[in-house]
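Start at 1 with the first residue, then count along the sequence.
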Amino acid sequence: MRAAPTILHLDMDAFYASVEQASKPSLRGKAVIVGGLGPRGVVATASYEARRFGVHSAMPTAQARRLCPNGAYLIPRFTLYRQVSDVVMAMLRELSPLVEPLSLDEAFVDLEAGGVAFDSGSARATGERLRADIRAATGLSGSVGLAGSKMLAKVASEEAKPAGLLLIEPGTERELLAPMSVRTLPGVGPATGEHLRRAGITTVGELVEAGEDELVRMVGRAHGTGLYRMALGLDDRPVVAERDAKSVSVEDTFDVDLHDRVRIRGEVQRLADRCVQRLRGSGHSGRTIVLKVRRYDFSTLTRSETLRGPTDDAAVVREAAARLLEAVDTTGGVRLLGVGVTGLADYTQEDLFAQSLAAEAAVADAGVAEAGAADEEGGTPAAGGTAGGAEPQAADGSAGAQEGAEPPVRAQEAPERRWAAGSDVRHVLYGPGWVQGSGVGRVTVRFEQPGSEPGRVRTFRVDDPDLEPADPLPLVGEAV
């Protein structure tokens with residue numbers, strides 16, 4: 001614990017939804033929900049207007065639609081979110097060399113290490129200036145907490161939401177924490193919170209009254225001791241500038257359970273390629289390949305294989321994931337698949353054994369492809385499905401023909417262009433806009449951009465040659 005509130009915690013307010021409202025003038029002040037739009041989609045972020053209806057992050061999108069039927073439901077645009085996050089994080093690094101990002105929209109800053117604050121007055125002034133600078137640079141609001149420890153700074157920023165600043169003076173921690181729910185403390189999730197509630201402990205003050213010995217008896221020594229220290233406001237963790245990634249992973253949830261083994265293997269291969277792209281993008285390699293399978297009954301299985309050395313070779317990761325899949329029973333159907341890499345390193349090591357296995361697999365796959373072609377000639381193509389992804393949510397497959405049935409005519413036509421709600425577009429005549437919705441061969445677009453007045457809505461054919469996908473426009477800058 002420090003004698004001055006020189007640890008700052010910044011948390012951007014409803015970040016994804018706020019970015020969408022800033023970039024789409026017609027949505028300002030409206031309920032906006034960002035997340036997966038399919039039947040099994042999950043809410044990533046909801047604007048404060050949507051939260052009044054009970055919508056919150058991690059809620060199934062279907063439930064959110066029932067609570068807030070008139071909200072704007074949009075896919076995430078991670079490219080834009082990262083761009084905005086980079087601007088904010090750069091501003092934090094101007095304050096101090098010790099910046100600890102927790103996510104795209106959240107970070108701790110050691111103001112004392114940067115020489116910008118040594119007491120309550122200078123810390124508050126720095127926090128207010130930061131909030132104003134973020135507003136000017138991005139048009140967004142962030143909440144700031146200032147305290148003598150990381151835990152208290154995070155508590156303060158949560159209490160300051162939305163668009164506020166709270167400074168906790170050293171010496172007032174216990175008084176501030178006492179009436180708060182035990183769920184306020186890090187590490188107290190739903191299960192621990194319910195366990196404590198059944199014991200008659202619902203506030204931080206009641207945790208302190210229970211005493212360390214009682215908490216150790218209830219939740220174990222390691223957790224009980226840490227919980228008691230946090231209830232007293234004690235936290236000596238330093239701000240760490242670099243948080244090393246422990247793993248890289250991707251996963252997709254499917255709107256329709258997958259039963260076809262060939263299709264499942266193909267999805268695993270696709271996920272392995274995406275995982276390697278992320279792995280290389282972060283400048284890492286990894287030794288342990290992990291496969292995640294959530295089956296039709298919601299049971300989740302994970303299988304892993306450790307290689308002889310770290311790799312970022314897509315062929316090696318694909319083959320390892322395929323071997324792991326062979327050990328999983330998928331006959332009842334699969335609703336989610338994921339591929340990850342752990343044991344990260346910043347170098348690669350040639351693994352001739354793994355590479356030879358990958359080469360053998362390539363030969364085997366060629367035989368499977370030939371057999372698949374023979375099956376197709378025999379009139380039994382594999383059945384497909386529709387998939388919804390964990391990141392920008394759409395990875396759609398077309399339904400296959402039944403055995404013995406004639407292939408549908410549309411299979412020989414060019415695939416229909418798909419326009420996800422919230423995605424960026426540009427029209428040759430009307431300029432930049434975003435997709436409000438699509439269906440029955442039509443797509444509806446609102447033509448507006450950051451800083452403009454709410455724009456007009458127009459409808460086009462989904463295959464209109466004058467309408468093309470576009471990159472996101474900056475939130476603050478010259479109109480395009």
Problem - 4.5 Å side-chain heavy-atom contact, R318 and Q269 - result: yes
Problem - Contact check, side chains of L344 and K246, non-hydrogen atoms, under 4.5 Å - result: no
Problem - Minimal non-hydrogen separation, Y73 against T61, with atom names - result: CD2-CG2, 4.0 Å
Exercise for the section: Check whether any side-chain heavy atom of L337 sits under 4.5 Å from a side-chain heavy atom of D252, and report yes or no. Expected result: no
Problem - Polar side-chain atom of S23 near backbone of E20 as donor-acceptor pair, under 3.5 Å - result: yes
Exercise for the section: Would you indicate whether the side-chain heavy atoms of V32 and E49 approach each other to under 4.5 Å? Expected result: no
Exercise for the section: Please round to the nearest 0.5 Å and tell me the distance separating atom CG of L177 and atom CG of L185. Expected result: 6.5 Å
Problem - Side chain R426, main chain P469, donor-acceptor under 3.5 Å - result: no
Exercise for the section: Tell me, please, which residues at least two apart from S143 pass side-chain hydrogen bond (donor to acceptor under 3.5 Å, both in side chains). Expected result: D13
Problem - Residue pairs involving residues 223-235 (criterion salt bridge (charged side-chain N to carboxylate O under 4.0 Å, His left out); sequence neighbours excluded) - result: R229-D236, D235-R237
Practice task
Give a yes or no on this: more than 12 heavy atoms of other residues, nucleotides or ligands lie within 6.0 Å of atom CZ of F53.
Solution key: no
Exercise for the section: Step by step, work out the side-chain contact (heavy atoms from CB on, under 4.5 Å) result for V293 and T300. Expected result: CA-CA 6 Å; V293 180; T300 302; over 6 Å; no
Fill in the blank from the handout: Closest non-hydrogen atoms of V239 and V109, given as atom of the first, atom of the second and distance, are CG2-C, 4.4 Å
Exercise for the section: Test R458 against D464 for salt bridge (Lys or Arg N to Asp or Glu O under 4.0 Å), laying out the working first. Expected result: CA-CA 12 Å; R458 297 182 184 275; D464 190 319; over 6 Å; no
Handout entry: Geometric class of the F78/Y81 ring pair [parallel <30°, tilted 30-60°, perpendicular >60°]
Key = perpendicular
Exercise for the section: Check for a donor-acceptor pair, side chain of E206 on one end and backbone N or O of T203 on the other, with a separation under 3.5 Å. Expected result: yes
Handout entry: Atom pair CD/CG of E169 and L176 - distance to nearest 0.5 Å
Key = 11.5 Å
Practice task
Look at the side chain of E173 and the backbone N and O of G171, then say whether any donor-acceptor pair between them is shorter than 3.5 Å.
Solution key: yes
Exercise for the section: For residues V19 and V34, determine if any side-chain heavy atom of one lies less than 4.5 Å from a side-chain heavy atom of the other. Expected result: no
Exercise for the section: Flag the pair E319 and R323 as a salt bridge only when some basic side-chain nitrogen lies within less than 4.0 angstrom of an acidic carboxylate oxygen. Expected result: yes
Fill in the blank from the handout: L27 and L74 have their tightest heavy-atom pair at CD1-CD1, 3.9 Å
Exercise for the section: Decide if atom CD of E175 counts as having more than 12 heavy atoms of other residues, nucleotides or ligands within a radius under 6.0 Å. Expected result: no
Handout entry: N/O donor-acceptor pair under 3.5 Å between R280 side chain and D312 backbone
Key = yes
Problem - H9 side chain reached by E158 side chain, heavy atoms, under 4.5 Å - result: no
Handout entry: Note, W434 side chain near Q436 side chain (heavy atom, < 4.5 Å)
Key = yes
Exercise for the section: Check for a donor-acceptor pair, side chain of R40 on one end and backbone N or O of F254 on the other, with a separation under 3.5 Å. Expected result: yes
Handout entry: Considering all heavy atoms, the nearest L207-A231 contact
Key = CB-CB, 4.1 Å
Practice task
State, with a plain yes or no, whether a side-chain heavy atom of L104 is found less than 4.5 Å away from one of Y16.
Solution key: yes
Practice task
Just say parallel, tilted or perpendicular for the rings of Y430 and F447, cut-offs at 30° and 60°.
Solution key: tilted
Exercise for the section: Any chance you could measure E128, atom CD, to R131, atom CZ, to the nearest 0.5 Å? Expected result: 5.0 Å
Problem - Spatial distance of atom CG (L258) from atom CZ (R265) [nearest 0.5 Å] - result: 15.0 Å
Exercise for the section: Mark yes or no for whether S249, through its side chain, and G340, through its backbone, hold a donor-acceptor pair below 3.5 Å. Expected result: no
Handout entry: Side-chain H-bond candidate by donor/acceptor type, T288 with T306, under 3.5 Å
Key = yes
Practice task
Starting from the C-alpha separation in whole Å, work towards a yes-or-no answer on side-chain contact (heavy atoms from CB on, under 4.5 Å) for R183 and L196.
Solution key: CA-CA 10 Å; R183 293 290 303 276; L196 293 172; over 6 Å; no
Handout entry: Gap separating the CD1 atom of I33 from the OG atom of S57, nearest 0.5 angstrom
Key = 12.5 Å
Exercise for the section: Please answer whether the main-chain N or O of E112 pairs with a side-chain N or O of T6 as donor and acceptor at a distance below 3.5 Å. Expected result: no
Handout entry: Criterion side-chain contact (heavy atoms from CB on, under 4.5 Å) on M59 and L67, from CA distance to verdict
Key = CA-CA 11 Å; M59 170 183 286; L67 294 172; 3.7 Å; yes
Problem - Salt bridge R294-E251, side-chain N to carboxylate O under 4.0 Å - result: no
Exercise for the section: Please identify each residue that fulfils side chain to side chain contact (heavy atoms under 4.5 Å, CB included) with V443, with sequence neighbours left out. Expected result: W419, V435, S438, V445, F460, V462, L467
Practice task
For atom CD of E453, decide whether the heavy atoms of other residues, nucleotides or ligands shown that lie under 6.0 angstrom number more than 12.
Solution key: no
Practice task
Give a yes or no on whether the backbone of D110 and the side-chain of S96 come within a donor-acceptor separation of less than 3.5 Å.
Solution key: yes
Exercise for the section: Take atom NZ of K161 as the centre, draw a 6.0 Å sphere, and report whether it contains more than 12 heavy atoms from other residues, nucleotides or ligands. Expected result: yes
Completion exercise
For L291 and V328 the tightest heavy-atom approach is CD2-CG2, 4.4 Å
Completion exercise
V88 and I134 have their tightest heavy-atom pair at CG1-CD1, 4.1 Å
Fill in the blank from the handout: OG (S26) and CZ (R456) are apart, to the nearest 0.5 Å, by 14.0 Å
Practice task
Take L111 and L146 through the side-chain contact (heavy atoms from CB on, under 4.5 Å) test and state the conclusion after the steps.
Solution key: CA-CA 10 Å; L111 300 180; L146 292 157; 3.8 Å; yes
Exercise for the section: Measure from the side-chain N and O atoms of R51 to the backbone N and O of A46, and report whether any donor-acceptor pair falls under 3.5 Å. Expected result: yes
